[in-house]
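As the structure lists them, so they are numbered: ligands from 1, and atoms in each ligand from 1. Count residues from 1 along the sequence.
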Amino acid sequence: MGTAAQKKKLFVKTWGCQMNVYDSQRMADVLAPLGYATSETPEDADMVILNTCHIREKATDKVFSDLGRIRPHKTAKAERGEKMLIAVAGCVAQAEGDFILERAPYVDMVFGPQTYHELPEMVARVQDAAGEKRIVNTEFPTVSKFDLLPVEQGVHGPSAFLSVQEGCDKFCTFCVVPYTRGSEYSRPVNAVLDEAKRLIDSGVQEITLLGQNVNAYHGEGSDGAIWGLGRLIRALADIKGLHRIRYTTSHPRDMDDDLIAAHGEIRQLMPFLHLPVQSGSDKILHAMNRKHKAELYFDVIARLRAARPDIAFSSDFIVGFPGESDTDFEDTLKLVDTVKFASAYSFKYSARPGTPAAVMKGLVHPKIAEERLARLQSLITGQQLAFNQSFVGQTMPVLFERLGKKQGQIQGRSPYNQSVYIEAASENLGWIKNVLIQEGFDNSLRGILA
Ligand code: 5AD
Ligand code: SF4
């Protein structure tokens with residue numbers, strides 16, 4: 001490792017899922033021993049990393065337009081005889097590595113989600129005496145990056161992400177994840193517990209376990225057995241000082257009995273689950289290769305509600321998937337109407353190059369997809385508002401994380417991950433406090449300290 005004599009500025013911009021947020025923090029951890037400290041702006045940075053997302057449309061365009069904005073900063077530095085390294089990381093990098101280097105000659109490094117632990121070597125190589133080396137690193141190494149990353153050291157608020165599983169073997173026909181993140185990998189139990197303990201020692205009270213398919217977790221335990229997510233959550237709940245546990249994102253098919261039971265038994269496991277279903281039509285679910293019918297989803301929801309009556313759900317939906325008829329779409333609306341979600345995300349289908357759905361027939365006219373999206377979103381927004389308003393007059397524990405948008409406000413999260421804001425002193429930040437809810441909106445709640 002080089003000496004950290006002079007502090008260098010690192011700017012990281014993150015798109016996409018929480019896994020990318022976690023990865024960005026770990027990239028900063030890897031670069032810290034080289035003297036890089038993160039900064040809030042790209043101006044004057046010694047290194048800029050764009051950590052990209054490829055899941056939905058226009059991903060590549062967005063990266064190029066951001067690169068275009070960063071380029072003048074690099075030129076300005078070069079005119080002063082200084083260097084700015086520009087790196088593109090994440091899933092767009094994984095999918096479009098060579099194309100990025102070709103189209104943006106000022107980009108120095110392109111690397112995928114599985115190789116960022118090699119950043120020190122990559123930096124050394126681009127800074128090599130000749131000075132003109134550029135790097136594409138989109139391998140899927142045989143040794144997991146988790147075995148090679150340094151101990152995490154980022155500064156955390158009271159809530160932190162912990163990556164326990166990565167990659168996906170499900171191959172939903174619309175999705176790039178199996179190609180950009182690779183096949184399923186679960187970190188060993190001890191590695192997860194050790195990271196959790198360090199986070200808790202540093203003041204973290206809430207941990208969100210991350211994985212593209214987190215409930216397919218099957219990590220090796222110290223007893224040599226393979227542990228599922230339910231068992232891992234039980235072990236985490238035994239660590240003193242951890243008050244809240246969440247996990248995301250899950251697949252309905254991987255909700256096993258033990259995990260469902262854990263929802264009823266583990267007090268720290270929050271009563272809120274993001275469980276994407278994508279569509280309510282069996283025909284579309286089949287075409288999406290989700291490998292289950294709507295019935296299974298209803299069954300899983302019912303079992304979770306039996307285990308934990310106050311549990312609430314969110315989901316992801318795709319409208320306008322190839323072949324989606326009016327009736328198929330009506331089935332999605334019916335599903336939403338039956339389940340009643342606390343919140344949900346809905347997207348217009350976008351063909352991702354290289355995925356099986358990209359060559360499917362029966363394209364839905366963009367105007368129809370747009371109309372369906374608007375109808376679905378209005379149904380969901382109504383449910384979200386009703387859910388939020390149902391807490392008015394009730395007291396709920398809120399973990400306060402940050403200052404609010406307006407002066408004198410602080411903001412936190414309820415057990416249902418609702419954003420709650422109150423007027424209170426900033427010394428409440430970092431603590432779980434009871435809040436009397438006074439008003440519910442589409443995306444937030446307002447209250448007072450109880
Ligand atoms: N088009 C539209 N939405 C997509 N998603 C994933 N791939 C696509 C695509 N090709 C959505 C899914 C997934 C969420 C993270 O993004 O709903 O659950
Ligand atoms: Fe993509 Fe399907 Fe895997 Fe989720 S389960 S990451 S949607 S392939």
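At a 4.0 Å heavy-atom cut-off, ligand 1 touches Ile55 through backbone and side chain alike. The side chain of Arg56, and not its backbone, has at least one atom closer than 4.0 Å to an atom of ligand 1 (non-hydrogen atoms only; side chain from C-beta on). Proximity of Cys168 to ligand 2, defined as any heavy-atom pair under 4.0 Å, is confined to the side chain (atoms from C-beta onward). Looking at Phe347 against ligand 1, only its side chain comes within 4.0 Å, counting heavy atoms. Contact annotation: for Pro178 versus ligand 2, heavy atoms closer than 4.0 Å belong to the side chain alone.
Looking at atom 2 (C) of ligand 1, its nearest protein heavy atom turns out to be Lys348 O, 3.4 Å. Looking only at heavy atoms of the protein, atom 10 (N) of ligand 1 is closest to Ser350 O, 2.7 Å. Nearest to atom 1 (Fe) of ligand 2 among the protein's heavy atoms is Cys175 SG, 2.3 Å. Of the protein's non-hydrogen atoms, Asp316 OD2, 2.6 Å is the one closest to atom 18 (O) of ligand 1. At the shortest separation from atom 5 (N) of ligand 1 among protein heavy atoms lies Ile318 CD1, 3.9 Å. Nearest non-hydrogen protein atom to atom 17 (O) of ligand 1 is Gln278 OE1, 2.6 Å.
Within a 6.0 Å sphere centred on NE2 of His292, other residues, nucleotides and ligands contribute more than 12 heavy atoms.
The residues Arg303 and Asp256 are annotated as not salt-bridged, no charged nitrogen and carboxylate oxygen being separated by less than 4.0 angstrom. Using a 4.0 Å cut-off between a side-chain N of Lys or Arg and a carboxylate O of Asp or Glu, Glu195 and Arg187 qualify as a salt bridge. Under the 4.0 Å criterion applied to side-chain N and carboxylate O atoms, Asp310 and Arg305 are not assigned as salt-bridge partners. Using a 4.0 Å cut-off between a side-chain N of Lys or Arg and a carboxylate O of Asp or Glu, Asp66 and Lys13 qualify as a salt bridge. A salt bridge is absent between Lys334 and Asp337: the closest approach of a Lys/Arg side-chain nitrogen to an acidic carboxylate oxygen does not fall below 4.0 angstrom. With respect to the salt-bridge test (charged N to carboxylate O, under 4.0 angstrom), the residues Asp29 and Arg26 qualify. A salt bridge links Glu324 to Arg372: at least one charged side-chain nitrogen sits closer than 4.0 Å to a carboxylate oxygen.
In summary, the atoms of ligand 2 found under 4.0 Å from a heavy atom of His251, numbered by their order in the structure, are 5 (S). Atoms of ligand 2 lying under 4.0 Å from any heavy atom of Phe174, numbered from 1 in the order shown and given with element: 7 (S). Each of the atoms 10 (N) of ligand 1 lies under 4.0 Å from some heavy atom of Arg352. Remark: ligand 2 atoms within the under-4.0 Å shell around heavy atoms of Phe171 are 8 (S).
Between Tyr116 and Asn137 the shortest side-chain heavy-atom distance does not fall below 4.5 Å. The shortest side-chain heavy-atom distance between Ile233 and Leu209 falls under the 4.5 Å cut-off. In this structure, the side chains of Leu403 and Gln409 stay at 4.5 Å or more apart for every pair of heavy atoms.
Ligand 1 has no nitrogen or oxygen under 3.5 angstrom from a nitrogen or oxygen of Tyr349. Distances between N or O atoms of Phe174 and those of ligand 1 include at least one value under 3.5 Å.
Residue contacts to atom 1 (Fe) of ligand 2: Cys172 brings no N, O or S atom closer than 2.8 Å.
Cation-pi geometry between Arg352 and Phe174 is not satisfied (NZ or CZ under 6.0 Å from the ring centre, within 45° of the ring normal).
When Lys170, Arg290, Gln278 are ranked by how near their heavy atoms come to atom 4 (Fe) of ligand 2, first place goes to Arg290.
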